[in-house]
Amino acid sequence: MPHAGRPVLNPDAPTPHGASPPEPRPKHFIEQIIDEHIASGPSGGRWGVWPTSEGPARAGKPRVHTRFPPEPNGYLHIGHAKSICLNHGLARDYAGKFNMRFDDTNPAKEEQEYVDSIIRDVLWLGADFQGEFGGGLFYASDYFAKMYDFAEELIRKGKAYVCELSADEVSKRRGTPSVPATSPYRDRPVEESLRLFAEMKAGKHNNGSMTLRAKIDLASPNFNLRDPVMYRILHESHQHTGTTWCIYPMYDWAHGIEDSLEGITHSVCTLEFENHRPLYDWFIHAINEGREPANRIHHPQQIEFAKLRFTYVVLSKRNLLRMVEERTVHGWDDPRMPTIAAYRRRGYHPQAIRNFMEEVGVTRIESWIDLTRLENAARDYWNKHAPRTMCVLRPLRVTIDNWPRNADGTPTVEMLDFVSNPEDPAAGTRKIPFSGELFIEREDFMEVPPKKFFRLSPGTEVRLRWAYFIKCVSVEKDASGNVTAVHCTYDPATRGGDAPPGPNGEPPRKVKATLHWISAAHALTGEVRLFDRLFKAEEPGAAGADGAKRDFMEDLNPQSLEVIADAKLDPHLRDAAQVRTITRSIVEHGVTHTIPIPQPDVFQFERLGYFAIDRDSTRDKPVFNRTVTLKDTWAKDAAKG
RNA sequence: UGGGGUAUGGUGUAACGGUAGCACGAGUGACUCUGACUCACUUAGUCUAGGUUCAAAUCCUAGUACCCCAACCA
């Protein structure tokens, strides 16, 4: 039977243009699995229903409990955003719960700075883990004592043993697909393993001297089952538990227990963990074996999906860390980075990111997504929401010869109405100063225009946005023939930007182009940073035609950042553009913490794109980051020739 | 070489044995005080080869391509 689509619950989710009834999005495979669980029996099927203690909103509804479990070893990137949107979205759509959990089992790589940044980014994306669909904030390290007890239980059941092989030796004895692995410690008596494991915990042994291993199958074709390590010795301080522990659980041992203790129903992870699923299940079965039904621990279901991959982007934490450490970029939130923090600084709105994730969907197909899809999502969002303003990136001076002058020779100033956002009439208008000395964009003037260029050139008339029609009458040039300024005349009858109808009711005359401009005397000078992709190869570091692997750093785009130091900006931006601070609060150990999140204002600089105010700004020297350009069919046509 | 996965227009996806649909992109045109937005039209696809069936993207067989796995990382 075909699965019925569900209505899109998120009102801001993208809808096809012009479609009258919003098309329900077909359910993706994870939603189908959940529906099958719910349908699999009475009372919510496989996972039962929420107890009444969960309150009226949830009580009696089928249990769906998801989580986002990052390791705090770096900043979150756009790939994590997919997991966050997926897991939180599932909880939201099924009236379930979403946990934030730090999988902090390796103190050698983890830092508090990363914990803080992850909390900030997850909240910013709207996955409020303590809100309506929130299940709470958790740390794997809070379960270390329980994990230890479970491990002892496995030793007692003969399912785990202390192995004194070095990492090197284990590797040598790993075997091949047809040759089993070996360990001389495999049949060590239970009592001996118990004693050694206690000694490991007590700190009596050095890093690397011994491990606790699960006794599974040394001949398994799945190498994850060849007696995987459960615990290693690591004399290292942990950002959450300090020096309480010197043995730390490995991912496979820890993860299922974390999910189980939190009552997670659907443990969603990426495809590369598929080979780990038998282990995930084995550990929980091993714990439950021989236990009374009432004492058995919960067994969540692991489900894998394909992670997000972008062309021209590097998304592995290891490589991102390297770019930060080698100062290839200016930190984790350098606007060219694919991190959540960078997208926020660059001016992406979380809703745009969520819309994008809805668009690309959730499957098991490993596909490459064109980065322009994300940019489209940003354009779509800001087109509806960003106030419009003007900025001249590369100024060319325009003098209006017939503009009225004051007694001292300076041009008079006129305040004109500027429409804040044509897409949003409610945004209204504001005043903008106009005068006889202006800046226009250098590329909007050509002395010898090519075909189809309908901007300013000698003899042509154009409109200045919301101002006047002007006509170029002459140009000034320097010694080498470069145009340094242009002279125009204006038509006073076109005030506001429209020509009046003719005296006998003829239709008003039209101009082909509308240019953006800034009054020279009023211009606010600021810095504008333009970005191009960080890498020039579709798949940075991938083997070329010769088959030789390259370092991904060789594929860096040397022109990824262009700084325009003296752009001319609408003076109202001096006060209007700010990096706002939005706050979210979280509760940890009964204490409420306020989390400030910097959220830059974003404007459309007409005809140029969307721009976000940067935290490097001062009142008199603003700095803007271009979030994304506008579509530019002229540039495309011009490039084609 | 063994095990585990995945193949649908240029890209991302839908289909659950019964009309290959949607979105993005691209192209053309309309509209336009942003060469933006919006609107209309067009474009183009089931990895290959066999088989089962009245009917196959879907089921079967055999290939091919790509991804993951032999850390005391997650």
Side-chain angles (χ1 to χ4, degrees), chain A residues 1-3 5 14 16-19 23 25-26 28 32 69-71 73 103 105-106 108-109 163 165-168 170-171 174-178 181 207-213 220-226 228-234 247-248 250-252 254-255 269-278 304 306 311 317-318 359-370 372-373 376-377 379-380 383-384 388 390 419 422-423 452-455 463-467 469 496-498 510-516 604-609 629-638:
Chain A
M1 212 179 72
H3 291 265
H17 296 306
E23 281 288 314
R25 169 176 67 71
H28 57 67
Q32 293 181 20
E71 184 189 16
N73 65 346
D103 204 3
T105 57
N106 184 2
K109 289 186 172 177
C163 178
L165 252 22
S166 70
D168 231 27
V170 169
S171 177
R174 181 67 68 181
T176 67
S178 54
N207 287 0
S209 59
M210 52 184 71
T211 59
L212 183 71
R213 289 229 256 166
S220 174
N222 180 350
F223 278 71
N224 294 129
L225 298 176
R226 316 256 265 217
V229 172
M230 295 165 64
Y231 276 94
R232 79 283 217 184
I233 300 171
L234 226 47
I247 57 172
Y248 291 93
M250 300 291 291
Y251 167 85
D252 289 298
H255 205 87
C269 63
T270 49
L271 243 26
E272 66 262 36
F273 291 102
E274 199 161 20
N275 293 334
H276 295 244
R277 189 176 353 122
E304 309 87 13
T311 48
K317 274 195 205 166
R318 201 182 78 248
E359 252 180 61
V360 300
V362 180
T363 68
R364 291 172 61 86
I365 308 168
E366 298 181 288
S367 49
W368 293 90
I369 292 170
D370 195 321
T372 58
R373 296 286 293 268
N376 284 339
R379 273 189 206 102
D380 264 11
N383 178 47
K384 293 186 198 79
R388 270 92 277 211
M390 295 193 289
V419 175
E423 300 280 325
K452 289 206 291 187
F453 180 89
F454 45 81
R455 276 111 100 143
R463 170 172 33 235
L464 296 179
R465 180 76 158 161
W466 307 121
F469 285 13
D498 273 318
K510 298 206 168 203
V511 289
K512 201 82 164 99
T514 301
L515 308 186
H516 58 279
Q604 184 192 103
F605 292 176
E606 291 214 5
R607 305 212 299 139
L608 296 176
T629 62
L630 254 33
K631 262 206 240 166
D632 189 348
T633 47
W634 162 246
K636 203 160 59 178
D637 282 359

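Just so it is clear, the values below take in all heavy atoms, side chains as well, and ignore hydrogens, waters and symmetry mates. Lettering follows sequence order; numbering is per chain, from 1.
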- Message: Determine whether A:Ser166 and A:Asp168 satisfy the following criterion, side chain to side chain donor-acceptor pair (under 3.5 Å), listing intermediate values before the conclusion.
- Response: CA-CA 5 Å; A:Ser166 70; A:Asp168 231 27; 5.6 Å; no
- Query: Rounding to the closest angstrom, what is the interatomic distance between B:rU8 and B:rG12 at atom C1'?
  - Reply: 11 Å
- Message: Taking only side-chain N and O atoms of A:Lys636, does any of them lie within less than 4.0 angstrom of OP1 or OP2 on B:rA26?
- Response: yes
- Remember a base hit wins even if backbone is also touched, and classify A:Leu630 as base, sugar-phosphate or nothing at under 4.0 Å, heavy atoms. base
- What is the nucleic acid contact for A:Asp498, judged by heavy atoms within less than 4.0 Å: base, sugar-phosphate only, or nothing? base
- Message: Using atom P in both nucleotides, what's the gap between B:rG35 and B:rC69 to the nearest angstrom?
- Response: 49 Å
- Which part of the nucleic acid, if any, lies within contact of A:Tyr248, taking any heavy atom under 4.0 Å across all strands shown: a base, the sugar-phosphate backbone alone, or nothing? nothing
- When rounded to the nearest Å, what value does the distance between P atoms of B:rG63 and B:rC24 take? 42 Å
- Same-atom distance (C1') from B:rC39 to B:rG4, integer angstrom: 49 Å
- Query: Between A:Arg379 (CZ) and B:rG35 (C1'), how many Å, whole number?
  - Reply: 14 Å
- Using a cut-off of 4.0 Å on non-hydrogen atoms, how would the nucleic acid contact of A:Pro278 be classed: base, sugar-phosphate, or nothing? nothing
- Message: Applying side chain to side chain contact (heavy atoms under 4.5 Å, CB included) to A:Thr514 and A:Arg607, what does each step give before you reach the verdict?
- Response: CA-CA 9 Å; A:Thr514 301; A:Arg607 305 212 299 139; 5.8 Å; no
- Task: Quick one: classify the glycosidic conformation of B:rA70 as syn or anti, with syn meaning within 90° of 0.
- Result: anti
- Positive for side-chain hydrogen bond (donor to acceptor under 3.5 Å, both in side chains) with A:Asn73, one of A:Lys317, A:Arg318, A:Lys109: A:Lys317
- Query: Under 4.0 Å between a side-chain N or O of A:Arg607 and OP1 or OP2 of B:rG35?
  - Reply: yes
- Taking the P atom of each, how far is B:rG17 from B:rA56, in whole Å? 14 Å
- Go ahead and write out RNA chain B as dot-bracket, 5' to 3': ( ) for pairs within the strand, [ ] for ones crossing earlier pairs, | when the partner sits on another strand, dots for unpaired; Watson-Crick or G-U wobble, both distances under 3.5 Å. .((((((..((((....[..))))((((((.......))))))...(((((..]....))))))))))).....
- Given the rule in the side chain to side chain contact (heavy atoms under 4.5 Å, CB included) test, do A:Asn106 and A:Arg232 qualify, once you have shown the distances and angles that lead to the verdict? CA-CA 10 Å; A:Asn106 184 2; A:Arg232 79 283 217 184; 3.4 Å; yes
- Task: Figure out the CD1/P separation between A:Ile369 and B:rG10, and round it to whole Å.
- Result: 17 Å
- Message: How many whole angstroms separate atom CG of A:Asp370 from atom C1' of B:rU13?
- Response: 15 Å
- Query: Is A:Arg277 touching bases, backbone alone, or none of the nucleic acid, heavy atoms closer than 4.0 Å?
  - Reply: nothing
- Is the closest side-chain donor-acceptor distance between A:Asn222 and A:Ser220 under 3.5 Å? no
- Item | Between C1' of B:rC39 and NZ of A:Lys631, the distance in whole Å | 13 Å
- Is the backbone of A:Pro422 close enough, under 3.5 Å, to the side chain of A:Arg388 for a donor and an acceptor to pair up by distance? no
- Under 4.0 Å between any heavy atoms, over every strand shown, what does A:Phe469 touch: base, sugar-phosphate, or nothing? Just pick one. nothing
- Item | Note, A:Arg463 side chain near A:Asp498 side chain (heavy atom, < 4.5 Å) | yes
- Task: Kindly determine whether A:Arg455 and A:Trp634 satisfy side chain to side chain contact (heavy atoms under 4.5 Å, CB included), including the steps that lead there.
- Result: CA-CA 11 Å; A:Arg455 276 111 100 143; A:Trp634 162 246; 3.1 Å; yes
- Kindly indicate whether the side chain of A:Arg373 and the base of B:rG25 share any N or O donor-acceptor pair separated by less than 3.5 Å? no
- So does A:Lys452 get a side-chain nitrogen or oxygen closer than 4.0 Å to the phosphate oxygens (OP1/OP2) of B:rG35? no
- Phosphate OP1/OP2 of B:rU13: any A:Thr363 side-chain N/O under 4.0 Å: yes
- B:rU13 base to A:Glu359 side chain: any donor-acceptor pair below 3.5 Å? no
- Query: Quantified in whole Å, what is the C1' atom distance between nucleotide B:rG10 and nucleotide B:rA26?
  - Reply: 8 Å
- Letter by letter from the 5' end, nucleotides 65-74 of chain B scores (B base, S sugar-phosphate only, - none; protein heavy atoms under 4.0 Å) --BBSB-BBB
- Message: Just N and O in the side chain of A:Thr372: are any of them under 4.0 Å from OP1 or OP2 of B:rU11?
- Response: no
- Query: Should A:Gln32 be listed as having a side-chain N or O under 4.0 Å from OP1 or OP2 of B:rA14?
  - Reply: no
- Message: Looking only at the side chain of A:Lys510 (C-beta and beyond, no hydrogens), which of the listed nucleotides B:rU32, B:rU34, B:rU6 gets closest?
- Response: B:rU32
- Query: Do other residues, nucleotides or ligands put more than 12 heavy atoms under 6.0 Å from the CZ atom of A:Arg364?
  - Reply: yes
- note: A:Leu464, atom CG; B:rU34, atom C1'; distance rounded to Å ~ 13 Å
- Expressed as a whole number of Å, how far does the C1' atom of B:rC66 sit from that of B:rC47? 11 Å
- Under a 4.5 Å cut-off applied to non-hydrogen side-chain atoms, are A:Leu630 and A:Gln604 in contact? yes
- Message: Pair A:Phe223, A:Arg174 - check side chain to side chain contact (heavy atoms under 4.5 Å, CB included), show working.
- Response: CA-CA 8 Å; A:Phe223 278 71; A:Arg174 181 67 68 181; 3.7 Å; yes
- Message: Measure CD/A:Glu423 against C1'/B:rC39 and give the value in whole Å, please.
- Response: 13 Å
- Item | Separation between the C1' atoms of B:rU42 and B:rU46, rounded to whole Å | 22 Å
- Once you round it to whole Å, what is the distance between P of B:rA36 and CD of A:Gln604? 12 Å
- A:Trp368 has an atom CH2; how far is it from atom P of B:rA7, in whole Å? 17 Å
- Residue A:Arg364, side-chain atoms from C-beta onward, closest of B:rG35, B:rU34, B:rU6: B:rU6
- Message: Can you see whether A:Arg379 engages A:Asn376 through a side-chain donor-acceptor pair at a distance of less than 3.5 angstrom?
- Response: yes
